[in-house]
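Worksheet: one structure, shown below.
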Amino acid sequence: MKVNRRKFIKRLLIVAASVEAIFLLKDGVSKVDTSSSKDLFNAGRVDSFEKNKLYPFSTGQFFLKRYEDGGFLALSVKCTHLGCIINTNSKSGGFNCPCHASQFNQFGEVLSAPATRPLDIFPITIENGEIWVDTKKPVKRSNFSKSQLSYA
Ligand code: FES
């Protein structure tokens, strides 16, 4: 009789430990997924952005530009001279800095100093038709290249 009780308690503990291990594993996986997506800014669905248009995201501190070929670029709103917030230039399709008059073209390249390098860009991930921008990781560039564009 004592042996049966011991076996029963032992099996009960094994089952309880297994159930707890399953919950811990499940929680661990979901925590990883949640924290990684929290760092990304959801800009919206790909098909909600027209070609050749610029979309400001003030909370994310970037402009999302969709170019003629459908490619996307997320450009930082901060001027690369001293960090002022740039304005859009509706005539050129580029950007102007109100502080010291630097100008940038539609790809963020410098058109006039004192800025010496293009606007920083943020990595874009397109998943299931949604655009995610990693606003925590600005990328410094020396020039624009087509490889910087992201496509659906
Ligand atoms: S901060 Fe933009 S030109 Fe100086």
Side-chain angles (χ1 to χ4, degrees), residues 13-152:
L13 289 173
I14 289 171
V15 169
S18 300
V19 168
E20 188 169 332
I22 289 169
F23 279 109
L24 282 174
L25 281 173
K26 192 178 167 192
D27 281 353
V29 169
S30 66
K31 276 179 189 163
V32 168
D33 288 342
T34 306
S35 66
S36 65
S37 64
K38 266 185 187 173
D39 292 340
L40 302 178
F41 187 102
N42 185 331
R45 295 203 53 80
V46 168
D47 51 16
S48 63
F49 298 100
E50 292 179 36
K51 291 178 180 174
N52 274 329
K53 280 212 168 179
L54 185 68
Y55 298 87
F57 285 88
S58 55
T59 53
Q61 300 227 315
F62 66 91
F63 291 100
L64 185 68
K65 172 77 181 194
R66 188 169 199 189
Y67 297 93
E68 180 62 40
D69 68 353
F72 289 94
L73 206 56
L75 298 147
S76 171
V77 299
K78 290 183 184 170
C79 177
T80 53
H81 177 226
L82 293 176
C84 287
I85 303 300
I86 55 171
N87 298 320
T88 55
N89 181 329
S90 55
K91 277 187 183 173
S92 72
F95 308 91
N96 298 334
C97 181
C99 293
H100 313 101
S102 286
Q103 293 187 324
F104 304 88
N105 70 12
Q106 65 168 331
F107 299 103
E109 294 173 302
V110 176
L111 293 175
S112 65
T116 56
R117 62 181 180 81
L119 297 173
D120 294 346
I121 57 173
F122 297 111
I124 292 176
T125 303
I126 300 176
E127 221 173 83
N128 299 324
E130 296 279 337
I131 299 175
W132 298 88
V133 179
D134 192 345
T135 56
K136 301 269 191 292
K137 294 180 184 160
V139 177
K140 291 181 177 17
R141 313 177 285 164
S142 55
N143 59 2
F144 167 74
S145 87
K146 210 167 166 1
S147 65
Q148 294 164 0
L149 297 174
S150 296
Y151 296 89

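One-based numbering, in listed order, for ligands and for the atoms of each. Excluded from the calculations below are hydrogen atoms, water molecules and symmetry mates; all remaining heavy atoms, backbone and side chain alike, are included.
Here the two rings, on F41 and F122, have centers that are 6.0 Å apart or farther.
Around atom 2 (Fe) of ligand 1, the protein N, O or S atoms found under 2.8 Å comprise C79 SG, C97 SG.
Partners of E68 under the side chain to side chain contact (heavy atoms under 4.5 Å, CB included) rule, at least two apart in sequence or in another chain, are N52.
Of the possible donor and acceptor atoms, one in the side chain of T80 sits under 3.5 Å from a partner among the backbone N and O of R117. Checking side-chain atoms of E50 against main-chain N and O of R66 turns up no donor-acceptor pair under 3.5 Å. A donor-acceptor contact shorter than 3.5 Å is absent between the side chain of N128 and the backbone of E130.
With a 4.5 Å cut-off on side-chain heavy atoms, V110 and F104 count as touching.
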